[in-house]
A.B. asks: 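Please read through the structure below; I'll follow up with questions.
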Protein chains: 2
Amino acid sequence: MRTTVCLSVSILLLGVVALSQTRTTPKRQPVYTQDGQLRLPSDYREWVFLSSGFDMSYNPDMTMDHHMFDNVFVNPEAWQAFQSTGKWPDKTLLVLELRLAEGKGSINQKGNFQAGEPMGIEVHVKDESRFKGKWAFFGFAAADSTAKMIPLTQDCYSCHAEHGAVDTTFVQFYPTLKPIATRRGTLEAAYQKSEPGHQN
Amino acid sequence: MRTTVCLSVSILLLGVVALSQTRTTPKRQPVYTQDGQLRLPSDYREWVFLSSGFDMSYNPDMTMDHHMFDNVFVNPEAWQAFQSTGKWPDKTLLVLELRLAEGKGSINQKGNFQAGEPMGIEVHVKDESRFKGKWAFFGFAAADSTAKMIPLTQDCYSCHAEHGAVDTTFVQFYPTLKPIATRRGTLEAAYQKSEPGHQN
């Protein structure tokens with residue numbers, strides 16, 4: 001009788017441990033629909049922020065009729081792994097969100113702030129066994145919760161492969177990560193050669 | 001004997017529960033030095049990002065010789081409370097970080113990205129029993145880990161009190177929070193009156 005009670009209490013407590021861990025540290029991994037679309041992670045705004053840009057463009061001829069911010073978030077598991085290794089683990093999810101920039105508004109007189117809903121979202125996923133080249137991009141139109149994979153023929157893949165500072169990602173634009181990659185020696189050789197002051 | 005083992009196992013398991021919760025959800029609260037300075041939370045970059053601005057200024061005559069971003073983070077406990085109430089709980093910590101904006105760099109041709117270490121950090125703390133007016137500001141110079149409270153006579157207090165959309169904070173510039181405050185009816189009356197299109 002006592003043994004039964006003891007086991008029951010122990011199992012109950014183990015259940016509480018499991019529940020507690022599930023609730024407090026849900027594992028963020030890519031989730032796909034049956035037809036291979038990526039589901040937009042619903043809680044990405046609670047992930048780790050990497051950086052934001054303003055009107056950034058890699059094309060000098062690009063013109064826009066509005067100003068725009070981009071915000072980049074990463075799943076906490078990948079962030080933690082990068083802190084200790086300078087590398088992205090399998091199942092890394094980088095979420096790039098575009099938001100309209102407003103100028104004058106409330107008491108703001110100069111410069112720009114972010115406003116409104118996202119204008120679009122792009123997710124860069126590392127899923128080694130699933131994608132040729134290990135990584136894939138998915139583009140979500142505003143308010144979409146699933147997106148098809150962007151075909152491998154698109155420029156984003158070749159541009160990230162050629163210019164990404166770490167493993168096809170633009171760590172050079174993430175001020176908290178670039179020093180880690182530098183220290184850990186994980187910057188791509190091609191990127192290092194392109195840096196100002198590089199000695200051949 | 002069995003009872004002793006049972007209790008020991010139960011106590012051990014309860015210990016695991018407590019440890020698990022401590023490890024997975026550390027409670028972020030303001031921490032002060034003995035002489036009343038605020039300690040900079042070392043992990044604020046893992047908190048919830050609220051928004052970033054570019055060259056924002058509330059003074060139309062402000063000029064700068066460089067471009068700058070501001071990033072705002074909030075402790076996860078306060079974020080969660082705001083999600084369900086539209087209000088800031090006691091022990092809310094808002095961290096505003098300033099970063100230099102660079103233009104051309106790597107493959108970026110237009111617009112700006114964030115670079116380097118923070119140029120300065122300001123923390124807005126709600127600690128109801130500690131501060132007259134419930135909130136206080138602390139300004140950290142670059143690389144400082146503690147800061148003295150900014151005196152109540154400084155403009156930041158009166159400006160936030162007059163123009164903050166929610167409880168002396170600039171929720172009007174946080175695109176994920178403004179809709180919640182609107183829905184929950186927690187926008188300040190003075191802020192609502194100042195909004196374009198307001199009917200008296």
Side-chain angles (χ1 to χ4, degrees), chain A residues 2-3 5-7 9-10 13-14 16-17 20-21 23-25 45-49 51-60 62 67-69 71 73 76 79 99 101 105-118 159 162-163 165 170 172-176 178 191 194-196, chain B residues 2-3 5-7 9-10 13-14 16-17 20-21 24-25 45-49 51-62 67-69 71 73 76 79 99 101 105-118 159 162-163 165 170 172-176 178 191 194-196:
Chain A
R2 272 181 188 157
T3 310
V5 171
C6 180
L7 275 175
V9 170
S10 299
L13 285 168
L14 278 169
V16 173
V17 174
S20 151
Q21 285 178 333
R23 278 205 185 141
T24 49
T25 54
R45 286 285 309 202
E46 296 175 2
W47 293 5
V48 180
F49 170 72
S51 197
S52 59
F54 180 72
D55 284 349
M56 283 178 74
S57 175
Y58 308 149
N59 176 357
M62 169 90 166
H67 293 296
M68 211 166 60
F69 284 91
N71 301 315
F73 304 85
W79 162 267
R99 295 248 180 193
S106 177
I107 60 165
N108 195 57
Q109 300 291 332
K110 285 189 153 191
N112 293 86
F113 60 93
Q114 303 189 23
E117 296 299 312
C159 182
E162 282 168 34
H163 302 292
F170 286 133
Q172 60 264 52
F173 300 131
Y174 307 146
T176 55
K178 192 180 167 189
Y191 169 73
S194 73
E195 276 204 302
Chain B
R2 271 183 186 156
T3 309
V5 171
C6 179
L7 275 175
V9 170
S10 299
L13 284 169
L14 279 170
V16 173
V17 173
S20 149
Q21 287 179 332
T24 49
T25 53
R45 286 286 306 204
E46 295 175 2
W47 294 4
V48 180
F49 170 72
S51 196
S52 58
F54 180 72
D55 284 351
M56 284 177 74
S57 175
Y58 309 149
N59 175 357
D61 301 323
M62 170 89 165
H67 294 296
M68 210 166 60
F69 284 91
N71 300 315
F73 302 86
W79 162 267
R99 296 247 180 194
S106 178
I107 60 165
N108 195 56
Q109 300 292 331
K110 286 191 154 189
N112 293 84
F113 60 93
Q114 304 189 24
E117 296 298 311
C159 182
E162 282 168 35
H163 302 291
F170 285 133
Q172 59 263 52
F173 299 131
Y174 307 147
T176 54
K178 191 179 166 189
Y191 169 73
S194 73
E195 276 204 301

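Since the model is a prediction, treat every value here as computed from it, not as a measurement. By convention in this document, chain letters (A, B, ...) are assigned in the order of the sequence lines, proteins followed by strands, and residues within each chain are numbered from 1.
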A.B. asks: Flag the one option from Gly53(A), Pro175(A), Ser57(A) with the top tally of heavy-atom pairs under 4.5 Å to chain B.
C.D. replies: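 Looking at each of Gly53(A), Pro175(A), Ser57(A) in turn, Ser57(A) comes out on top.
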A.B. asks: To the nearest 0.5 Å, tell me how far Asn112(B) CG sits from Phe173(A) CZ.
C.D. replies: 11.0 Å
A.B. asks: Relative to each other, are the rings of Phe49(A) and Phe49(B) parallel, tilted or perpendicular (30° and 60° limits)?
C.D. replies: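 Correct class here is parallel.
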A.B. asks: Does the side chain of Thr176(B) reach to within under 4.5 Å of the side chain of Arg99(A), using non-hydrogen atoms?
C.D. replies: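 The answer is yes; the side chains approach within 4.5 Å.
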A.B. asks: Please look at Tyr174(B) and chain A and tell me whether the side chain, the backbone, both or neither of the residue comes under 4.5 angstrom of a heavy atom of that chain.
C.D. replies: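 Neither part, no heavy atoms under 4.5 Å.
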A.B. asks: Tell me, out of Ser106(B), Pro76(B), Ser51(B), Pro60(B), who's got the most heavy-atom pairs with chain A below 4.5 Å.
C.D. replies: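 Between Ser106(B), Pro76(B), Ser51(B), Pro60(B), the count favours Pro60(B).
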A.B. asks: Determine the option with the most heavy-atom pairs under 4.5 angstrom with chain B, choosing from Asp55(A), Ile107(A), Val48(A), Asn59(A).
C.D. replies: Ile107(A)
A.B. asks: Using a 4.5 angstrom heavy-atom cutoff, name the option from Gln172(A), His67(A), Glu162(A) with the most pairs to chain B.
C.D. replies: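 Answer, by heavy-atom pair count under 4.5 Å with chain B: Gln172(A).
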A.B. asks: Which one of Gly111(A), Ala115(A), Cys159(A) has the most heavy-atom pairs closer than 4.5 Å to chain B?
C.D. replies: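 The option with the most such pairs is Gly111(A).
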A.B. asks: Counting heavy-atom pairs under 4.5 Å to chain B, which of Met68(A), Lys178(A), His163(A), Glu117(A) comes out on top?
C.D. replies: His163(A)
A.B. asks: Taking all non-hydrogen atoms of both residues, which atom of Lys110(B) and which atom of Met62(A) are closest, and how far apart?
C.D. replies: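 What the structure gives for the nearest pair is NZ-O, 2.6 Å.
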A.B. asks: Between Phe170(A), Phe113(A), Trp47(A), Tyr191(A), who has the most heavy-atom pairs with chain B when the cutoff is under 4.5 Å?
C.D. replies: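 Between Phe170(A), Phe113(A), Trp47(A), Tyr191(A), the count favours Phe113(A).
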A.B. asks: Heavy-atom distances under 4.5 Å only: say whether Ser194(B) touches chain A with side chain, backbone, both or neither.
C.D. replies: neither
A.B. asks: Side chain, backbone, both or neither: which part of Trp79(B) has an atom under 4.5 Å from a heavy atom of chain A?
C.D. replies: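 For Trp79(B), side-chain heavy atoms alone lie under 4.5 Å from chain A.
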A.B. asks: With only heavy atoms counted, which part of Phe54(B) is less than 4.5 Å from chain A, the side chain, the backbone, both or neither?
C.D. replies: both
A.B. asks: Select one option (side chain, backbone, both, neither) describing which atoms of Tyr58(A) are under 4.5 Å from chain B's heavy atoms.
C.D. replies: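 Both the backbone and the side chain of Tyr58(A) come within 4.5 Å of chain B.
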A.B. asks: Sort Asn108(B) into side chain, backbone, both or neither according to what part of it lies under 4.5 angstrom from a heavy atom of chain A.
C.D. replies: both
